[in-house]
Amino acid sequence: MGLGIAKKIIKAHLVEGEMKKGETIAIKIDQTLTQDATGTMVYLEFMALGVDRVKTQLSVSYVDHNTLQTTFRNADDHIFLQTAASKFGVYFSRPGNGICHQVHLERFGAPGKTLLGSDSHTPTGGGIGMLAIGAGGLDVALAMAGEPFYLTMPEIVKVELSGKLPPFVSAKDVILELLRRLTVKGGVGKIFEYGGDGVKTLSVPERATITNMGAELGATSSIFPSDENTYQFLKAQKRERDFVELEADPDAEYDDIIKINLSDLVPLIAKPHMPDNVVPVEELEGTKVHQVAIGSCTNSSLKDIMTVAHMLKGKRVHPNVSAALVPGSRQILKEISRNGALEILVSAGVRILESACGPCIGMGFAPPSKGVSLRTFNRNFLGRSGTKDASVYLVSPETAAAAIITGEITDPRKLGLEPYVFELPEEFAIDDQMILPPAPIPEQVEIIMGPNIKPFPENEPLKDKIKGEVLIKVGDDITTDHILRGGAEVLPLRSNIPEISKYVFSVIDPDFYRRAKEKGGGFIVGGENYGQGSSREHAAIAPMYLGIKAVLAKSFSRIHLANLVNFGILPLVFENKEDYDKIDQGDVLEIDTTGIDKFDVKVKNITKGIEIKVKPKLDERGVKMIKAGGVLPYIKNKRRGK
Ligand code: MIC
Ligand code: SF4
């Protein structure tokens, strides 16, 4: 039986387990990436592991999330990250150099390699034929220390593309179409492998838009073949040496096949507050728009920006719209400065923001009260923009540009503009000055930790009996932005768990922190897909710090589940989903964990006098980690021979 691309890469990196769907496997990691908002924890964890230098082929530390620097905090973090990178053998991409996924694609991504990143959009690298996976920070720290990455062997779904995108329909519409069909839960436990004739019509940045937003499907990863287009992209980055061809065997077998005819697609839009709330743009035409933002790791490539510049040439930003552009990288910013596109955009009245995550994670450019904001980003979760009552819609750059011109949601096909045909430059505006290599003599580097950097709290081993109150009960699809939001107020606290824990669940329940403190911890009850979205392990560490011992849910998202286990919070799934209705907020539960080695955990709802049947969502390794109180105590015990 032949193999697809994903399986070929997994096979070449497999160190434990069998490539059978649902089995636990471990793979060797070639490259890692971290970003600052998750990275400070990663390097603190790496230090706790006691390893001197990274053991990977390449590790890169990016600063792109926290670049507002309203106080000393972010600046302190940057210096810590820079000195830690230098000492531990990690390349350091300075603030202003661009968004981690965009820069990694440009300067480091290589077909056939594995990449683990402490950011959920790491699968962007799948656009260049890497097996790129997002994970919690601790898993990335372990990979840097040379440990393999453990995951459940995913189902492999082939997405067969045929045809060619019509004018003003773009890569964003492909992934929005998949989200429309499959929802934000549709990809959990799956890798989406793209194939078919339509692949060759898509350039690497277009492919990367699609693999990037595979994260919104909940997928483990998404990947494209490595072909002539991949070669051309690498060549224009002066990195031909990194090229290898990668294609699926003709008789490759898949667990499922999804077909998309690119020629049939239309401009799509995701309505508030979920990326799968997708309808054709046409349905919302005429809705007044207050702001438009073009950027983020999904849609800030040179092609995206050139398309917008082409559509805005000689035009003005509508007087009721505030429009902003966030170039994905300094390379792109340099290119548009030299080719004239920047001049067109500035003349039109577009505001130019720094090459960073920016408004995507609520770092500036918040919409007005009750405002309508069109963004080329990947997430429109409640409150993420910084304005809780704003309506955020996700669109392609084409649809964004149309709204900039008309001031309302507009199908870009109807403007009567000439379609733009993008040509890859012979050579991109390559300039790696803002990527600092690690120090040749690590002993000479002192790691600088400002007062914002607090050591992370450790957990205690699992107790046989845990009693406590259900501190909060939430519904389906709760994101890590609900659990611990981003934004300019909270992000700077990422290196300070006691402070950031004050914001747990603050978007949906501002009283949660007070209750958790008063009761000395307790439990969380969730619905389906609990913890979807970001990889931020703070959404597990901060609840752990507040004394949360277990989360009972109908189902979990992959990364958050791993984070809970890594920090010793017991994940339990309802055996009968209706039992979710038999627990209310405020109920007192008693959990008996004495049978955990046999995956037997008993839950009693003392308040209601009933038993709730649950299964721990753990494999054997997970059980050991939970018993120890998380992965760090587990590893320390292992080293001490306990
Ligand atoms: C996001 O898009 O939500 C983030 C911010 O990039 C997160 C990481 C984080 O919370 O730091 C992600 O996607 O993993
Ligand atoms: Fe940054 Fe937004 Fe991409 Fe997350 S999704 S890495 S915040 S640009």
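Whatever order the structure lists ligands and atoms in, that order sets their numbers, starting from 1.
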Query - Taking atom 10 (O) of ligand 1 as the reference point, the nearest protein heavy atom with its distance - result: Arg536 NE, 2.6 Å

**Report entry** Numbered atoms and elements of ligand 1 in range of Ala37, under 4.0 angstrom, heavy atoms
**Finding:** 11 (O)

Query raised in the report: What part of Asp119, side chain, backbone, both or neither, has a heavy atom within less than 4.0 angstrom of ligand 1?
Result: both

Requested in this report: Count the heavy atoms belonging to other residues, nucleotides or ligands that lie under 6.0 Å from OH of Tyr91, then report whether that count exceeds 12.
Outcome: no

**Report entry** Nitrogen or oxygen of Arg379 less than 3.5 angstrom from that of ligand 1
**Finding:** yes

Query raised in the report: Can you tell if the side chain of His560 reaches within under 4.5 Å of the side chain of Gln532, non-hydrogen atoms only?
Result: no

Report task. Provide the number and element of each atom of ligand 1 under 4.0 Å from a heavy atom of Ser534. Result -> 3 (O), 7 (C), 8 (C), 9 (C), 10 (O), 12 (C), 13 (O), 14 (O)

Requested in this report: Name the closest protein heavy atom to atom 8 (C) of ligand 1, giving the residue it belongs to and the distance to 0.1 Å.
Outcome: Gln35 NE2, 3.2 Å

**Report entry** Side-chain touch Val395/Asp173, heavy atoms, less than 4.5 angstrom
**Finding:** no

Query raised in the report: Would a line drawn from the ring center of Phe505 to the ring center of Tyr513 be shorter than 6.0 Å?
Result: no

Query raised in the report: Going by the angle between their ring planes, with limits at 30° and 60°, are Phe556 and Tyr530 parallel, tilted or perpendicular?
Result: perpendicular

Report summary line: Rounded to the nearest 0.5 angstrom, the CZ-CD1 distance for Arg536 and Ile361 is 4.5 Å

Report summary line: Note: His65, heavy atoms under 4.0 Å from ligand 1, region reported as side chain

Query raised in the report: If we only count N/O pairs under 3.5 Å, is Arg384 in contact with ligand 1?
Result: yes

Query - Step-by-step side-chain contact (heavy atoms from CB on, under 4.5 Å) determination, Met130 to Ile223 - result: CA-CA 7 Å; Met130 306 187 92; Ile223 189 164; 5.8 Å; no

Query raised in the report: Parallel, tilted or perpendicular for Tyr43 and Phe88, by the 30°/60° rule?
Result: parallel

Query raised in the report: In a check of side chain to side chain donor-acceptor pair (under 3.5 Å) between Ser120 and each of Glu216, Arg379, Arg558, which one passes?
Result: Arg379

Report task. Using a strict 4.0 Å cut-off to heavy atoms of Thr38, name the atoms of ligand 1 that fall inside it. Result -> 9 (C), 11 (O)

Query raised in the report: Can you list the ligand 1 atoms lying under 4.0 Å from a non-hydrogen atom of Ile361?
Result: 5 (C)

Report summary line: atom 13 (O) of ligand 1 sits nearest the protein heavy atom Ser120 OG, 2.5 Å

Report task. Tell me, with the steps shown, if Met213 and Leu394 meet side-chain contact (heavy atoms from CB on, under 4.5 Å). Result -> CA-CA 11 Å; Met213 226 177 144; Leu394 307 174; 4.0 Å; yes

Query raised in the report: Out of Thr209, Thr298, Asn299, which residue meets the side chain to side chain donor-acceptor pair (under 3.5 Å) rule with Lys172?
Result: Asn299

Query raised in the report: Tally of protein N/O/S atoms under 2.8 Å from atom 1 (Fe) of ligand 2?
Result: 1

Query - Ligand-residue contact atoms, ligand 1 with Ser535, heavy atoms, under 4.0 Å - result: 12 (C), 14 (O)

Query - Approximate separation, where rounding is to 0.5 Å, of Asn496 CG and Lys502 NZ - result: 8.5 Å

Query raised in the report: Hey, is Asn378 touching ligand 2 through its side chain, its backbone, both or neither, going by heavy atoms under 4.0 Å?
Result: side chain

